[in-house]
Amino acid sequence: MIIQPYSPEESINRLFLTEKLREIFFLEIKWNNPVPVPKESYDRGRGQFLGSYFLRDLLRFKEDRSIVLGIVSHDLYEPDLNFIFGIASYYTKTAVISTYRLHNRFYGFQENFDVFMDRVVKESVHEIGHTLGLGHCDNPQCVMYFSNSIVDTDRKSYYFCSRCYTKVKKAIGL
Ligand SMILES: [Zn+2]
Ligand SMILES: [Zn+2]
């Protein structure tokens with residue numbers, strides 16, 4: 001799996017994210033150097049970046065059949081949604097998450113780096129789950145539960161429920 005940060009790069013605990021992804025997916029994780037955010041993805045009127053634009057942009061960094069996960073510090077949107085935490089494609093095996101709304105400070109609370117990193121892991125695992133063909137799960141503790149708000153994200157864990165994890169293992173050939 002390749003992780004592709006976009007600049008300005010979010011200061012995240014790379015080791016923590018790498019270890020969690022390795023523990024869950026048993027895949028080698030390679031970090032690329034940050035690249036500039038594609039200007040074409042910016043919507044001036046909304047002041048946000050188009051999430052699905054990144055799914056195509058990330059194809060540039062693909063090696064063989066690897067999954068590519070982009071990390072963006074800007075706010076992302078899709079046309080019918082006010083914002084998105086992330087987006088992924090099963091077909092291109094690319095995914096992107098935005099860290100913009102994962103900070104406590106975004107909601108007017110005291111910043112907490114551990115809470116922030118838990119959210120980064122949850123959103124990353126969730127979007128990678130989509131690249132493996134998983135849909136949303138109705139178990140609120142499962143990482144594939146759809147997060148409408150940060151409350152949903154905080155309630156769930158960064159692990160798959162047993163039903164979803166069976167699908168993950170099948171998808172990665174375990
Ligand atoms: Zn989802
Ligand atoms: Zn599940």
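When a ligand or atom number is given, it counts from 1 through the structure's own listing order. None of these values were measured; they are calculated from a predicted model. Atom set for the values below is all heavy atoms of this structure, side chains included, hydrogens, waters and symmetry mates excluded.
A side chain to side chain donor-acceptor pair (under 3.5 Å) with Thr153 is found for exactly one of Arg101, Glu123, Lys122, Arg119, namely Glu123.
Note on the Zn ion (ligand 1): protein N/O/S atoms under 2.8 Å are His126 NE2, His130 NE2, His136 NE2.
In this structure, SG of Cys164 and SG of Cys137 enclose an angle of 110° at the Zn ion (ligand 2), rounded to 10°. Seen from the Zn ion (ligand 2), atom SG of Cys142 and atom SG of Cys161 lie 110° apart in angle, a value rounded to 10°.
Side-chain atoms of Gln48 and Asp75 form a donor-acceptor pair, as typed in the model, at a separation below 3.5 Å.
No donor-acceptor pair closer than 3.5 Å links the side chain of Ser73 to the backbone N or O of Glu9.
Lys62 approaches Thr92 most closely through the heavy-atom pair NZ-O, 2.9 Å.
Under 4.0 Å is where a charged nitrogen must lie from a carboxylate oxygen, and between Arg56 and Glu40 no such pair does. A salt bridge links Lys20 with Glu23; the closest basic N to acidic carboxylate O contact falls under 4.0 Å.
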Item to complete: Apply ring-ring contact (aromatic ring centres under 6.0 Å, His included) to the pair Tyr6 and Phe54, showing each step before the final yes or no.
Response: CA-CA 10 Å; Tyr6 285 89; Phe54 289 85; 4.9 Å; yes

